[in-house]
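See below for the structure under consideration.
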Amino acid sequence: MGARSEEAFFAALKRLGAIHGAHLTGRVSLRALSRGAGGPVATTIGGWLEGRRFPQQVDALVRVVEQLRAAALAEEFEPAPSERHLLDSRWWRDQHAAVARQRAESVRIGVQQAQAEATLDKHRAAAAVGRPISRLDPFDLEVHHSVDVIPNQRLPHGWTEYDGTSPSSSKPKYPLPLSALTPYVMRAHDELLLDLVRRAEAGQSGMAMLVGSSSCGKTRACWEAVQSLAEGWKLWHPFDPTRPEAALADIQNVGPRTVVWLNEAQHYLLPSTSSLGERVVAGLRALLQDQTRSPILVLGTVWPEYWATLTALPKVGAPDAHEQARKLLAGTNISVPSSFSTADLAAIRRGVVQDRRLLYAAQRATDGQVTQYLAGAPALLERYHNAPPGARAVLEAAMDARRLGNGLAIPRLLLAEAAPGYLTDQEWDQSSDDWFDEALAYTAEPCHGARGALTRIKPRPGQEAFGSPQYRLADYLEQHGRHSRSNKAVPAELWEAAFTHAHAEDLFAFGRSVRARHHESGDHLRFVLKAAEAGDHAAAWEAAEELSKAGRLAQALALYQSASGGAAFAVARRKAAALLQKLGRTGEAVDEYKKAAAQGHLSSVHTAVDLMLGQDELDATAAWIKQLAEQTDLDILDTAIALLQQAEHEVDIIRWLCDLADRGRPGALGRAAALMQQAGRSEEAVAWLIRLANNGFLGAELLVAEVLEEDGRVKEATEWYQRAARSGYPSARSALSRLGPI
């Protein structure tokens, strides 16, 4: 991937050079470009535009592009639509950063290889999580139980499921015992999933997220797929005490050949307390990229609405709370249709797989929704629609609680206080004193052998028990409620019960639901303030935004500062800093901008620099930017160099950059070499770069060649270009072609 990206970068440079040569050279020469770029000589810029030299200083490259863009406008030259990006300085800055990171990555290879075996040994020695797949029960992994109460049915000719004493026996035939799971019918999405499993078997880590509606067969598909994994594979299903907490507690103990099971992945990646989900995502990304623990297979399931939330781009100016999730999930989705195809249904009827439950469902399921029928969906809907008033009220309170923000576990007290709001005055007056317990008994009854509509959550052995009884709504009814009740008015009793009894991690989601339904802003604010007090960074951000608009700046400031504890909310630090600046508290504002910069917020770097320079703090600014460049991966080396030069630390700059380069800092290698050349220290640069190249710093090989060529030592440069070409650098091959035989 890296080599291809670099090759594309040099091809783009070469095409930019072709545009200059064919259309713009009369307007702006290489010498003029050199003067405007403020540093590189004309031959260096010529090397860039011939696609044979990598521009070490991105700001100089950007100034060249800006000059070419201005020349194109003056000449009224318009590049082809497919090439307009070649005159876009922002595009070049992004591409340069990507290639610079890839080059720096090669520097780390030697160190990583040296550490890999030791790390692997450590992981092998650790108490790795997970259990052998062969010892697992699919129902413990949340595969739906199938209905097992069906009427007698006439089976098609050729079926062998019914057995008698002999083919001619007149004795009645009895059905064989039903298996715990129905036979599996392979569908199109299963092939995609099995291909991922085969790659994992071959040693390649991977991830799949099965996206589909409730009870469409996502979890069962994952279960069937992992059955083909060889002995030695384990499966880890984190769920105790909560799913995200369990994942965070043990993800570092996941070893090679482990399946990470994320059924209902929204509870891991999208908990109401956003910082928890962000940390889980970061842990999963690190796990999948860790070659010492490869292969790892991550399998998850999620409903389409949650997938949309996790992968949507943020609104302009808002925190990007799901940036890590988008990167983790990119390219992982496998869609699972809610219906069986006509061919699938025909195969069941022909007896390709013989199970009377499958046949019964295929004959009766609406629109081919066989898996939903098997999970008891029609029976659940019938039980809901025919429920007595008290049970119906409890179910509707549970449906609304789930769609408005409650997690899987719904507190009994919330249901008890909300449900009366779903009863008419007459229904309430006619209810018995025990109506709520009677309602829970009704909703807990199994439906044709499948889970009831609303059932109490029973802690597993060793699992921490809830402080009070908690209930879970059947998935199918939850999804039914999200659609059928989307436009229904929500009783005030539910909001009050949620505010009083909802889990702390669910308060922010309830607050957002209040706002979406155009309630008074105070209703939204009290939910998010309570969530913020419980440590929810996203809630603190939203409360701060609302208070800031209302002019309550002191409260907003405190909440912005609270929100900034989450890595996705470095923007909150900048908001806090801007408020402090507005209040005239410049020194405190600078401190906040510095903290935002340390969290990776690039624009805060430049604002802090401007404020500090405005207070004539040049030396302090240079010292801070130097420290920040050492501690982060922010693209600020050029800013740091400029400030250090203003502070007259020329010798220190080169020594500092050399030290950063020795430690593998992206961009430092080339910048140090360029400054040495500008200072007339080419011999020193060559000697230093050769030492790095001989120690495995692969990026140094190309730089040795470029410095030697710049000094006119073509024969030596050719030898180093040959070495760099053997290491896989396309630009080295281009240089050799240009230089020709020596």
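Checked against ring-ring contact (aromatic ring centres under 6.0 Å, His included), H96 has the following partners two or more places apart in sequence or in another chain: F54. Every residue two or more places apart in sequence or in another chain that forms a salt bridge (Lys or Arg N to Asp or Glu O under 4.0 Å) with D400 is listed here: R403, R485. The side-chain contact (heavy atoms from CB on, under 4.5 Å) search around A596 returns R573, H601, S604, not counting sequence neighbours. With sequence neighbours excluded, the residues forming a salt bridge (Lys or Arg N to Asp or Glu O under 4.0 Å) with R585 are E588, listed by chain and number. Looking at residues two or more places apart in sequence or on another chain, you find a salt bridge (Lys or Arg N to Asp or Glu O under 4.0 Å) between R482 and E478. Residues that satisfy the side-chain hydrogen bond (donor to acceptor under 3.5 Å, both in side chains) test with E245, not counting sequence neighbours, are T242. In this structure D659 satisfies the side-chain contact (heavy atoms from CB on, under 4.5 Å) test together with R663, sequence neighbours excluded. Applying the side-chain contact (heavy atoms from CB on, under 4.5 Å) criterion to S294, with sequence neighbours excluded, gives S205, Q291. With sequence neighbours left out, E493 forms a side-chain contact (heavy atoms from CB on, under 4.5 Å) with P491. Residues passing the ring-ring contact (aromatic ring centres under 6.0 Å, His included) test with Y471: none are found, sequence neighbours excluded. Partners of D591 by salt bridge (Lys or Arg N to Asp or Glu O under 4.0 Å), not counting sequence neighbours: none found.
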Next on the checklist: Let's go through R574 and T607 carefully: what are the C-alpha distance in whole Å and the side-chain angles of both, what is the deciding distance for side chain to side chain contact (heavy atoms under 4.5 Å, CB included) to 0.1 Å, and is it a yes or a no?
Outcome noted: CA-CA 9 Å; R574 183 171 177 82; T607 307; 2.9 Å; yes
Checklist entry - Going through the distances and angles, do L329 and L269 end up as a side chain to side chain contact (heavy atoms under 4.5 Å, CB included)? => result CA-CA 10 Å; L329 297 175; L269 311 183; 4.2 Å; yes
Checklist entry - Under the side-chain hydrogen bond (donor to acceptor under 3.5 Å, both in side chains) criterion, do E142 and W261 qualify, and how do the steps go? => result CA-CA 10 Å; E142 299 167 330; W261 190 265; 5.1 Å; no
Checklist entry - Can you list the steps and then say if Y560 with E592 is a side-chain hydrogen bond (donor to acceptor under 3.5 Å, both in side chains)? => result CA-CA 11 Å; Y560 277 132; E592 286 295 329; over 6 Å; no
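Residues L141 and N263 are not in side-chain contact: their nearest non-hydrogen atoms beyond the backbone lie 4.5 Å or more apart. Between L299 and L235 there is no side-chain heavy-atom pair separated by less than 4.5 Å. Between L413 and T500, the closest side-chain pair of non-hydrogen atoms is not below 4.5 Å. Contact annotation: the side chain of V280 never approaches that of I251 to less than 4.5 Å [non-hydrogen atoms, C-beta and beyond]. A 4.5 Å side-chain heavy-atom check between L310 and M209 finds every atom pair outside the cut-off. Using a 4.5 Å heavy-atom threshold, the side chains of D536 and L507 count as separate.
Note on R285 versus E278: no salt bridge recorded, every NZ/NE/NH1/NH2 to OD/OE distance being 4.0 Å or above. Comment: D523 does not engage R515 in a salt bridge, judged by the lack of any side-chain N to carboxylate O separation of less than 4.0 angstrom. The existence of a salt bridge linking K626 and E630 is excluded, since no basic side-chain nitrogen approaches an acidic carboxylate oxygen closer than 4.0 Å.
Between L553 and S548, the shortest heavy-atom contact is CD2-O, 4.0 Å. When all heavy atoms of A543 and L529 are compared, the pair lying nearest together is CB-CD2, 4.0 Å. Counting all heavy atoms, side chain and backbone alike, A398 lies closest to L454 at CB-CD1, 4.1 Å.
For residues 409-418, the pairs satisfying salt bridge (Lys or Arg N to Asp or Glu O under 4.0 Å) are R412-D437, with sequence neighbours left out.
Aromatic ring orientation, W303 versus Y306: parallel (interplanar angle below 30°, classes split at 30° and 60°).
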